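Residue numbers run from 1 in the order of the sequence given. Every value quoted in this text rests on a predicted model; they were computed, and no experiment measured them.
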Amino acid sequence: MPLKGYTSDCGRNDARIISRDRNSQRHHCGINKYGAYVTHYRIDGVVIVKGKKCDFLLINEDKKTAYLIEIKGADLSEAARQLAGTEEALSEQLSGYSVHYRIVASKCKTQEIETASFKKFRLRWGRRLKYETGRIEEEI
């Protein structure tokens, strides 16, 4: 179900949903190949104004999948903490959805990927976590 009290930033059956911060080339592109019912929200500063939060939430309402999306510089551990904080804050609204985590960074340095903090998130989330440099494009 769409987030109560908030209007989706995309059309109900949009074919491509772009999550991008202002003045940034980094982005996540959700491809809605089959015209599913989708919703898209800016989380940071709109839905959640305090605490650790990610930038966007993209939901495929038909498949019951939610994508928490963080557009970040290079601090992958901080990005993962923001994703986890958002999931916790929206746990009631995301109940019943399969939650996936996306980090689009400007740099994914080996030393950052291999930190104990980020490894913890990688192990916990497994294949539900995807992180790339510059952009992520995927079918939702």
Side-chain angles (χ1 to χ4, degrees):
M1 134 181 17
L3 289 181
K4 289 183 181 172
Y6 299 95
T7 303
S8 173
D9 292 337
C10 73
R12 182 180 178 106
N13 305 103
D14 279 0
R16 296 173 63 86
I17 303 93
I18 306 289
S19 302
R20 177 192 322 243
D21 280 341
R22 290 181 202 137
N23 303 321
S24 174
Q25 292 299 316
R26 297 181 308 270
H27 68 278
H28 176 275
C29 178
I31 301 168
N32 185 11
K33 187 175 179 177
Y34 299 105
Y37 174 22
V38 293
T39 55
H40 185 241
Y41 305 94
R42 176 171 284 282
I43 298 299
D44 189 7
V46 178
V47 176
I48 302 173
V49 293
K50 293 183 181 179
K52 299 238 184 258
K53 65 256 181 206
C54 67
D55 294 312
F56 299 95
L57 170 63
L58 173 59
I59 302 174
N60 181 320
E61 301 289 350
D62 292 343
K63 291 183 178 178
K64 296 292 186 203
T65 55
Y67 298 84
L68 295 172
I69 303 163
E70 176 61 24
I71 310 296
K72 200 67 171 173
D75 190 344
L76 299 178
S77 295
E78 178 61 19
R81 284 190 288 276
Q82 289 175 264
L83 293 168
T86 303
E87 181 180 30
E88 184 179 323
L90 297 177
S91 62
E92 189 174 305
Q93 292 93 330
L94 295 177
S95 176
Y97 288 84
S98 172
V99 180
H100 300 269
Y101 312 90
R102 302 297 185 252
I103 301 171
V104 183
S106 59
K107 299 174 187 165
C108 290
K109 297 178 181 176
T110 302
Q111 60 267 33
E112 180 62 30
I113 292 169
E114 295 303 324
T115 62
S117 172
F118 193 63
K119 277 184 181 179
K120 179 181 89 172
F121 289 109
R122 286 189 358 235
L123 288 171
R124 179 172 148 203
W125 293 336
R127 289 202 260 168
R128 295 183 304 144
L129 171 65
K130 189 175 196 179
Y131 52 95
E132 297 287 339
T133 300
R135 71 182 177 148
I136 295 176
E137 226 176 84
E138 65 183 325
E139 282 188 27
I140 57 162

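Of all the heavy atoms in Asn60 and Ile140, the pair that sits closest is ND2-O, 2.6 Å. Across all their heavy atoms, Ile18 and Cys29 have their closest contact at CD1-SG, 3.5 Å. The nearest pair of heavy atoms linking Asn13 to Gly35 is ND2-O, 2.8 Å.
Side-chain atoms of Glu139 and Tyr34 include no donor-acceptor pair closer than 3.5 Å. With no hydrogens or angles considered, a side-chain donor-acceptor pair links Arg81 and Ser117 at under 3.5 Å. At a cut-off of 3.5 Å, with distance as the only test, no side-chain donor of Thr65 or Ser98 sits close to an acceptor on the other residue.
Between Glu138 and Arg102, at least one side-chain N (NZ, or NE/NH1/NH2) sits under 4.0 Å from a carboxylate O, which counts as a salt bridge. Using a cutoff of 4.0 Å between basic side-chain nitrogens and carboxylate oxygens, Glu132 and Lys130 are not scored as salt-bridged. Salt bridge annotation for Lys53-Glu70: absent, with no cationic side-chain nitrogen under 4.0 angstrom from a carboxylate oxygen.
Within 6.0 Å of CZ in Arg135 there are 12 or fewer heavy atoms belonging to other residues, nucleotides or ligands.
Checked against the 6.0 Å centroid threshold, His40 and Phe56 count as a close aromatic pair.
Residues Val38 and Glu61 fail the side-chain proximity criterion, which asks for heavy atoms closer than 4.5 Å. Using a 4.5 Å heavy-atom cutoff, the side chains of Val47 and Arg42 are not in contact.
The line from CG of Asp14 to OG of Ser8 is 8.0 Å long, rounded to the nearest 0.5 Å. In this structure, CZ on Arg26 lies 14.0 Å from CD1 on Ile69, to the nearest 0.5 angstrom.
By the 30° and 60° cut-offs, the orientation of the rings of Tyr67 relative to His100 is parallel.
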Apply salt bridge (Lys or Arg N to Asp or Glu O under 4.0 Å) to Lys72 and Asp21, showing your working.
CA-CA 9 Å; Lys72 200 67 171 173; Asp21 280 341; over 6 Å; no
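Each of Phe118, Phe121, Tyr101 was checked for a side-chain contact (heavy atoms from CB on, under 4.5 Å) with Tyr131, and the lone residue meeting it is Phe118.
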